[in-house]
Each structure stands twice: as C-alpha cells, then as structure tokens.
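Worksheet: one structure, shown below.
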Amino acid sequence: MSALVNTMRAIRGRLTGEDGFTLSEMLTALVVLGALFALASTVIASAIRHSDEVEDQSVMQAEIRGAIDQFGSDLRQTYSGDEATFPIESISPTEITFLSPDRAVPFHLRRVSYRVSGGRFERRIATSTDTDGAPWNIPSLGSWLQQTDRITTTTPFRYFDANGNEITVMTNPSLVDTIRVTLTAATGSDPNRPFTYQTSVTVRADA
C-alpha cells in the first residue's frame, strides 16, 4: 500500500514539475491504471449480472403468479351443467381435467386441463359449440400451451375430501372437495434460490 502511495506521489510530483517521466515510472503508472480499470470492470460486470438475475427472477415470479391465478380462476368456476355429472373429470399428482363455464352470456361449457410436464406448467382447453345445456357438445381438447417453465415441482397437485383428508387413491374424482397446487421454480442464473407459490381452491357447492 505504501509503495502505491509513493508511486502516486511521484507521479503527482512529475506532473507539477518540469522533469519528464522515467521508463520505470511510466511502466508503474500503466500497471496501476491497469489494476484500477480491471477492478472497475469487475464491479461493473457484477452489477450488470446482478441486475439481470433480479430482472429474470421478477419476470418468472410474474409468470408463475399469473399461471396460478388463471388456474384458480378456472377451477373456482367448476360446473357441469348437469346434476348427475361431477365437474372434475380426472385427477392425478401431475394433471387435472375439469369442466368450467366461460364468462359469455349465454355461457359455453369448457373442458380444461392443467399439468406439469418437463418442467413446464401447461394448460389446454376445449369450448362447447353450443349453449343449450346438457348434453354439451365439447370438441377434443386443444394443444398444450405453456403457462410458465423452469418448474421443479414434480407432483404439483394434491387433493382433499370434505373432511380435510388427503386423497391418495385418485380413481374417484367426485370425492374431491379441495385442490392444492404448488409450483416451485428457480431461475437459470440462480438455481440455488428457488421460490414457491401455492394456492388452494374449494370446489363449488353447486358443482
């Protein structure tokens, strides 16, 4: 440290005096300036990298919040339009399919599926061609559309009956009273700092 101070004093003295720089002084000054530039570059690069990580995480969090909000909105409207038909058609730890009306007047009935596959949270939908009520004419489900990716949760869906007991044998969807979805994700730039979003939805009493 003292050597650097002495070098800077010598440079300042040369600048205020009439004598020129010696070759060794020039080389020393170049080394000092190079070290300062390297330090500044490291600080700037670190700041840029941190800014990119924050932006990436912010975008991902917004995507997951939006995807879970959409899931909750679809599921809270479960309705079959037929008292003999339960609106949740199939369940598994990775996928759920149910009936839900759209918001048109008169409404159409939709078949909606959600799943987690290959690290992606996906949704697909088919909308009835009529509004006349049961039996509904619903075409085949469309293609899976990605809602968000980089999901690390492998079993996002859990199901509970009216008594709060978890359903582990998923052959009878009519037992489902509440569905809980959990999505955990991490950005590619910071995979060791995952974050989790979760919501629970109770099936409508008049479903």
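- The salt bridge (Lys or Arg N to Asp or Glu O under 4.0 Å) pairs that include a residue from residues 100-117 are D74-R110, E89-R111, R115-E122, where partners are two or more places apart or lie in different chains.
- Not one N or O on the side chain of T153 forms a donor-acceptor pair closer than 3.5 Å with the backbone of T155.
- Scanning both residues, L109 and P101, for their nearest heavy atoms gives CD1-N, 3.9 Å.
- No donor-acceptor pair under 3.5 Å is formed between the side chain of W144 and the backbone N or O of S113.
- Taking both residues in full, the closest heavy atoms of P139 and T129 are given as CD-CG2, 4.5 Å, listed atom of the first, atom of the second, then distance.
- Under the 4.5 Å side-chain heavy-atom criterion for ILVMFWY residues, no single connected hydrophobic cluster contains both L75 and F160.
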> Given L183 and I68, is the side-chain contact (heavy atoms from CB on, under 4.5 Å) satisfied, shown in steps?
Replying inline: CA-CA 8 Å; L183 297 179; I68 281 197; 3.7 Å; yes
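- The two atoms that bring A162 and D177 nearest to each other are N-CB, 3.5 Å, heavy atoms only.
- The two residues D130 and H108 make their nearest non-hydrogen contact at O-CD2, 3.6 Å.
- Between W136 and F107, the distance separating the two ring centers is shorter than 6.0 angstrom.
- What you find for T94 and P156 is that their closest heavy atoms are CA-CD, 3.9 Å.
- One distance of note links OG1 of T168 with CZ of R158; it measures 11.0 Å at 0.5 Å rounding.
- Here the CD1 atom belonging to I96 is positioned 10.0 Å from the CE atom belonging to M170, to the nearest 0.5 angstrom.
- Taking CD from Q70 and OG1 from T148, the interatomic distance works out to 13.5 Å, rounded to the nearest 0.5 Å.
- A distance of 8.0 Å separates CG in L99 from OG1 in T85, rounded to the nearest 0.5 Å.
- Closest non-hydrogen pair, F86 versus P173, comes out as CE2-O, 3.1 Å.
- Summarising the geometry, atom CZ belonging to R123 is positioned 11.0 Å from atom CG belonging to L141; distances are rounded to the nearest 0.5 Å.
- In this structure, T196 contributes its side chain and T184 its backbone to no donor-acceptor pair below 3.5 Å.
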>> Does Q147 form a side-chain contact (heavy atoms from CB on, under 4.5 Å) with E63? I'd like the steps, not just the answer.
In response: CA-CA 7 Å; Q147 307 299 294; E63 285 184 358; over 6 Å; no
> Going through the checks in order, is the side-chain contact (heavy atoms from CB on, under 4.5 Å) test met by I138 and S128?
Replying inline: CA-CA 4 Å; I138 303 177; S128 68; 3.8 Å; yes
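- Proximity of a side-chain donor or acceptor of E166 to a complementary backbone N or O of G164 within less than 3.5 Å is not detected.
- In this structure, the separation between CD1 on I151 and OH on Y197 is 11.0 Å, given to the nearest 0.5 Å.
- A donor-acceptor pair under 3.5 Å links the side-chain atoms of D161 to the main chain of N163, judged by distance alone.
- A donor-acceptor distance shorter than 3.5 angstrom exists from the side chain of Y159 to the backbone of S92, with no hydrogens or angles considered.
- Taking the six-membered ring wherever Trp is involved, the centroid distance between the rings of F71 and F157 falls below 6.0 Å.
- Ring geometry for F121 versus Y114: interplanar angle under 30°, hence parallel rather than tilted (30 to 60°).
- Using a distance-only test at 3.5 Å, with no hydrogens or angles considered, no donor-acceptor pair links the side chain of S80 to the main chain of P87.
- Applying the side-chain contact (heavy atoms from CB on, under 4.5 Å) test to S90 and every residue at least two apart in sequence or in another chain returns T97.
- The cluster map of Ile, Leu, Val, Met, Phe, Trp and Tyr, joined by side-chain heavy atoms under 4.5 Å apart, puts I179 and L175 in the same cluster.
- Taken together through direct or relayed side-chain contacts under 4.5 Å among Ile, Leu, Val, Met, Phe, Trp and Tyr, V181 and I125 form part of one hydrophobic cluster.
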